[in-house]
Amino acid sequence: PVHQREFLINGEMRTWNGPTVDVFSPVHVKTANGLERKLIGSYPITTDAEAMEALDAAVAAYDNGRGEWPTMSIGDRINCMENFIGKMLERKKQIVDLLMWEIGKTLGDSTKEFDRTVEYIYDTIDALKDIDRSSSRFKIEQGIIGQIRRSPLGVVLCMGPFNYPLNETYTTLIPAILMGNTILFKPPKHGTLLHYPMLEAFRECFPKGVVNTIYGRGANVVPALMQSGKINVLTLIGSSRVADQLKKMHPKVNRLRAVLGLDAKNAGIILENADLELAVKECILGSLSFNGQRCTAIKIIWVHRSVADQFLSRFCEEVNKLKPGMPWEKGTQITPLPEPNKPAFLTECIEDAEAQGAQVLNDGGGIVEASYFSPAVVYPVAKGMKLYREEQFGPVVPVVPFDDIEEPIEYIIESDHGQQVSIFGTDTDQLARLIDPLVNQVSRVNINAQCQRGPDTFPFTGRKDSAEGTLSVEDALRSFSIRTVVATKD
Ligand code: G3H
């Protein structure tokens, strides 16, 4: 077990003697009381006083833009980050193990999450070098010589999600640090311990006060920070409800920059002429990888009625083959869910659909056992059912039949979300006609491919309640900085 007792404030590792919270793995073990979630560690709960101290340390380190970090050259900041990557690589095994135990991600996906994160940091460093090169150039226009730079914004409050606790947290944290901001970092509730191995590395690699950590439930720790008015950027990968609540707490909300990755209800659309084998393969990946716990997952499938039976029979066949197992076992595809309340919520969604005439089509779909939730394909889902609009964020796949393509398009237009869509079809003219109306609704249209964030050099954002600001390498560097100009007359 990892019993974390330290936290990082102002370059000091503080030892904590106050209350802690126990961390239970979604993986169950046999106990005298039967199967129970395994206790894998504990971490400190930051008090209001320490949270404010951490905030003061970040404010002091930024020092209104005069601190060591915001004034350091980009080259020197990059050196610090390269040092940090080295320490991260040394801790790979420990972090990957914790990813499996803490959130139940398979060994393959946990390793991918780690490697992808390291690659992301290298790509971000390269993009920053480009920014540095272009900001040393001069531009002459209308008799004015100007140099256009990118400068930091101030204090960033950074909170990541449980489903990509390392990767998505670092996709905001790392560019925010690299751009010269100072940070208050709260790891996700499920996915805190895996950040512990890097705590000392933050202390060693960056000047004091650049990264300060806080722990505990966001609802307890974060309000006072927002109300202080000293947070310049709020970055959160999570729910739009929480993001809205936090933003409203800031006394100068119009001055607060928010970089947010939020809710999504991405639709997969299977046209009458789709290559059904391809659609099945991509929809399995899209809707059920990591048990459907991806913001980019396909969370509702619209299928043309003329091919619905054929698609569903093949789709259910493949769903039935998905292999449950321990995260570290070879071939495991379905793992236990880290959020303790999730199985009950998913069951409620299924029962609500069943009460309104839908059915679970696949064998054993929706059975809950020791945090495992066997994937369920629910059909026909219709307006008025929870699964039609609510984001399930789990292994339940609602399927809706349609006769006219206007029906799924109308669904997307009326949605509060606007992240991605996947369309499957073989008529290229028809696909081409659909792209324009769809790119005005979502931020990524996937053709004959699942919804996904990567490659990480592509912009990652969303419309409506799905995002604010843009992530991914270059865009993230922009999100955590402001363009500034140094100008003189020619
Ligand atoms: O949970 C949201 C992630 O951004 C999804 O990323 O599409 O690479 O799995 P992914």
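In this text, all values refer to a predicted model and were calculated from it rather than measured experimentally. In listed order, ligands and their atoms are each counted from 1.
- Between Lys321 and Glu318, at least one side-chain N (NZ, or NE/NH1/NH2) sits under 4.0 Å from a carboxylate O, which counts as a salt bridge.
- Cation-pi contact between Lys105 and Tyr164: present, with separation from the ring centre below 6.0 Å and deviation from the ring axis of at most 45°.
- Atom NZ of Lys330 sits about 13.0 Å away from atom OG1 of Thr106, to the nearest 0.5 Å.
- The shortest N or O to N or O distance between Gln452 and ligand 1 is not below 3.5 Å.
- The pair Asp132-Lys129 does not count as a salt bridge, with every side-chain nitrogen at least 4.0 angstrom from each carboxylate oxygen.
- Using a 4.0 Å heavy-atom cutoff, Phe290 is absent from the residues neighbouring ligand 1.
- The pair Arg314-Glu317 counts as a salt bridge, with a side-chain nitrogen and a carboxylate oxygen less than 4.0 angstrom apart.
- The part of Arg116 lying near ligand 1 is the side chain, judged by heavy-atom distances below 4.0 Å.
- To the nearest 0.5 Å, the span separating CE on Met81 from CG on Leu178 amounts to 4.0 Å.
- At least one N/O-N/O distance between Cys295 and ligand 1 falls below 3.5 Å.
- The shortest contact between atom 10 (P) of ligand 1 and any protein heavy atom is with Tyr164 OH, 3.4 Å.
- Residue contacts with ligand 1 for Glu168 involve side-chain atoms from C-beta outward but no N, CA, C or O (heavy atoms, distance under 4.0 Å).
- Below 4.0 Å from some heavy atom of Phe460 lie the following atoms of ligand 1, by number and element: 4 (O).
- Protein heavy atom in closest approach to atom 4 (O) of ligand 1: Arg453 NE, 2.7 Å.
- The residue from Asn266, Thr296, Asn163 that puts a heavy atom closest to atom 5 (C) of ligand 1 is Thr296.
- Ligand 1 places these atoms under 4.0 Å from at least one heavy atom of Arg294: 1 (O), 7 (O), 9 (O), 10 (P).
- Of all heavy-atom pairs spanning Phe480 and Arg257, the tightest one is N-NH1, 4.3 Å.
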